[in-house]
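Computed over heavy atoms, backbone and side chain alike; hydrogens, waters and symmetry mates excluded. Position 1 is the first residue of the sequence, and the numbers go up from there.
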Amino acid sequence: MPDATMVRQIAGKPGFIAALDQSGGSTPKALAQYGIGSDAYSNDEEMFRLMHEMRVRIITSPAFRTHKVIGAILFERTMDGDVNGTPVPTYLWKESDIVPFLKIDKGLEAEKDGVQLMKPIPGLDALLARAVKLGVYGTKERSVIRLANPDAIRAIVQQQYELAAQVASHDLVPILEPEVLVKSPEKAKAEDLLLQELTRGIEALPGDYPVMLKVTIPEKADLYASLAEHPRIQRIVALSGGYPLDTACERLKANHGMIASFSRALVDDLRVSQSDEEFNAILGQTVGKIYDASVNKT
């Protein structure tokens, strides 16, 4: 069973969940934004080593190790890495009181009917078993919605709930992430359809295990408020989706029962060239803004 202290923290503690889970396809762009160009590495191992160093700099920063960050979503290589000899999940929880999660999806299928389903995840049960041994609390799995196609959105949600059952069988808490693209020409309509399917699915969910949702900040404020109150939903978190930090925070403030799980908006202003003092100050300002938007609603 999940650690009871972790459950209480994720279910109800004020704060937000940091998303530090950029994977293979998005790593070069994330490094470039940080100030490390492709000429700084010659293969994937060197690239991932540089990415790990960036993440360690973030999670060891005093600006990150505060009560404001209650959880962190990790890439598999980060979960398997260490901080000065301490496994990353152990460092997060034992040293910083931050609950570790793991991104488990392996990318997206080609777009069909306006959505992108998740690719198959080979060896998932072994990965989940390893995550449990390392002290991980839950998982995150992303699929994408671009158009308001009812049948395709139903397929997205069905795949998410099926995967959630497999994750829950390992006593991990799944975060379902059916992302509606912020640039969707049918964003509001797609979100309405998504809410319908998520609600229908949660009502039909077998067993009694909890799930979490990670969704795009909706066009209609409080669209997901009813789901936030559902007894099977442990927490609803929001992705930044490409919105600039201030825009994402402003939109999040209008959604009650929803906290942040930002990725790009969390790290966009961090640079490898910054001194530790500059780095910590900028990260602290960003953490403060995201925390405020997560706990102080309009």
Side-chain angles (χ1 to χ4, degrees), residues 16-17 19 21 73 101 103-105 107-119 138-168 173-206 209-243 247-248 251-265 294:
F16 70 93
I17 296 174
D21 59 341
I73 304 170
F101 291 80
K103 165 190 161 67
I104 60 171
D105 64 85
L108 303 168
E109 300 280 11
E111 182 176 329
K112 181 180 179 181
D113 300 324
V115 305
Q116 290 179 272
L117 292 163
M118 288 178 280
K119 290 180 177 179
T139 67
K140 191 213 74 168
E141 37 272 7
R142 173 178 176 261
S143 45
V144 165
I145 298 167
R146 188 175 69 86
L147 298 177
N149 182 318
D151 290 339
I153 291 175
R154 186 174 302 117
I156 284 277
V157 173
Q158 181 179 351
Q159 184 189 44
Q160 286 279 352
Y161 278 124
E162 288 174 354
L163 186 54
Q166 187 174 357
V167 170
V173 177
I175 303 177
L176 287 61
E177 186 185 14
E179 175 183 355
V180 178
L181 295 176
V182 299
K183 294 183 179 180
S184 166
E186 303 173 334
K187 184 170 182 286
K189 185 177 180 182
E191 288 168 342
D192 285 340
L193 291 170
L194 177 60
L195 173 63
Q196 292 174 21
E197 293 302 327
L198 287 170
T199 302
R200 183 179 294 115
I202 199 72
E203 293 297 343
L205 203 62
Y209 55 86
V211 300
M212 297 171 63
L213 298 177
K214 182 169 180 174
V215 293
T216 311
I217 304 171
E219 293 300 295
K220 301 174 186 176
D222 283 339
L223 178 70
Y224 298 106
S226 59
L227 275 178
E229 299 299 324
H230 196 282
R232 296 291 294 274
I233 301 290
Q234 195 168 88
R235 203 91 183 236
I236 296 183
V237 302
L239 56 101
S240 53
Y243 289 126
T247 301
R251 284 175 167 263
L252 180 59
K253 271 182 167 287
N255 286 272
H256 299 75
M258 180 183 290
I259 65 173
S261 178
F262 293 173
S263 175
R264 279 169 288 182
S294 296

| query | Between Glu219 and Arg251, does at least one N-O distance fall below 4.0 Å, as a salt bridge requires? | reply | yes

| query | Has the side chain of Asn255 got a donor or acceptor atom that lies under 3.5 Å from a matching backbone atom of Ala221? | reply | no

| query | How many angstroms lie between CG in Leu205 and CG in Leu198, if you round to the nearest 0.5 Å? | reply | 11.0 Å

| said: Is the shortest side-chain heavy-atom distance between Leu181 and Ile145 below 4.5 Å? | reply: no

| said: Testing the basics here: between Phe262 and Ser240, what is the closest heavy-atom pair and its distance to 0.1 Å? | reply: CD2-N, 3.5 Å

| message | Looking at Ile217, is its backbone amide N or carbonyl O close enough to the side chain of Tyr224 to form a donor-acceptor pair, meaning the two atoms are under 3.5 Å apart? | response | no

| note | The side-chain contact (heavy atoms from CB on, under 4.5 Å) partner of Ile153 among Gln158, Gln196, Glu197 is Glu197

| said: A quick test of your reading: do over 12 heavy atoms of other residues, nucleotides or ligands sit less than 6.0 Å from NZ of Lys189? | reply: no

| Reported OG1-to-CG distance for the pair Thr199 and Leu194, which is rounded to 0.5 angstrom | 8.5 Å

| task | Compare every heavy atom of Thr139 with every heavy atom of Phe101, then report the nearest pair and how far apart it is. | result | CD2-N, 4.0 Å

| query | Is a donor on one side and an acceptor on the other found under 3.5 Å between the side chain of Glu177 and the backbone of Glu141? | reply | no

| field | Glu191 and Thr216: side chain donor to acceptor below 3.5 Å | value | no

| field | Any Pro185 side-chain heavy atom under 4.5 Å of Leu147 side chain | value | yes

| Would you call Asp151 and Arg154 a salt bridge, using N to O less than 4.0 angstrom? | yes

| said: If you define the side chain from C-beta out and look only at heavy atoms, does anything of Met258 sit under 4.5 Å from Val215? | reply: yes

| message | Do Asp192 and Lys220 have side chains that approach each other closer than 4.5 Å (heavy atoms only, starting at C-beta)? | response | yes

| query | Just by distance, with hydrogens left out, do Gln166 and Glu162 show a side-chain donor and acceptor under 3.5 Å apart? | reply | no

| In Å and rounded to the nearest 0.5 Å, what is the CG to CD1 distance from Leu239 to Ile17? | 12.5 Å

| Counting only N and O atoms by type, is there a donor-acceptor contact under 3.5 Å from the side chain of Ser294 to the main-chain atoms of Ala260? | yes

| Is a side-chain N or O of Lys214 found less than 3.5 angstrom from the main chain of Ser261, in a donor-acceptor match? | yes

| query | Would a distance-only check, ignoring hydrogens and angles, find a side-chain to backbone donor-acceptor pair under 3.5 Å from Arg232 to Tyr209? | reply | yes

| Would you say the side chain of Pro174 lies within less than 4.5 Å of the side chain of Leu163, judging by non-hydrogen atoms? | no

| Please walk me through it: do Leu117 and Leu108 pass side-chain contact (heavy atoms from CB on, under 4.5 Å)? | CA-CA 6 Å; Leu117 292 163; Leu108 303 168; over 6 Å; no

| query | Where is the tightest heavy-atom contact between Asp222 and Ala254, given as atom of each residue plus distance? | reply | OD1-O, 3.5 Å

| task | Answer yes or no: is there a side-chain heavy-atom contact under 4.5 Å between Val237 and Phe16? | result | no

| query | Considering the options Arg146, Arg142, Gln116, which one meets the side-chain contact (heavy atoms from CB on, under 4.5 Å) requirement together with Glu179? | reply | Arg142

| Do the side chains of Ile233 and Val211 get nearer than 4.5 Å, heavy atoms only? | yes

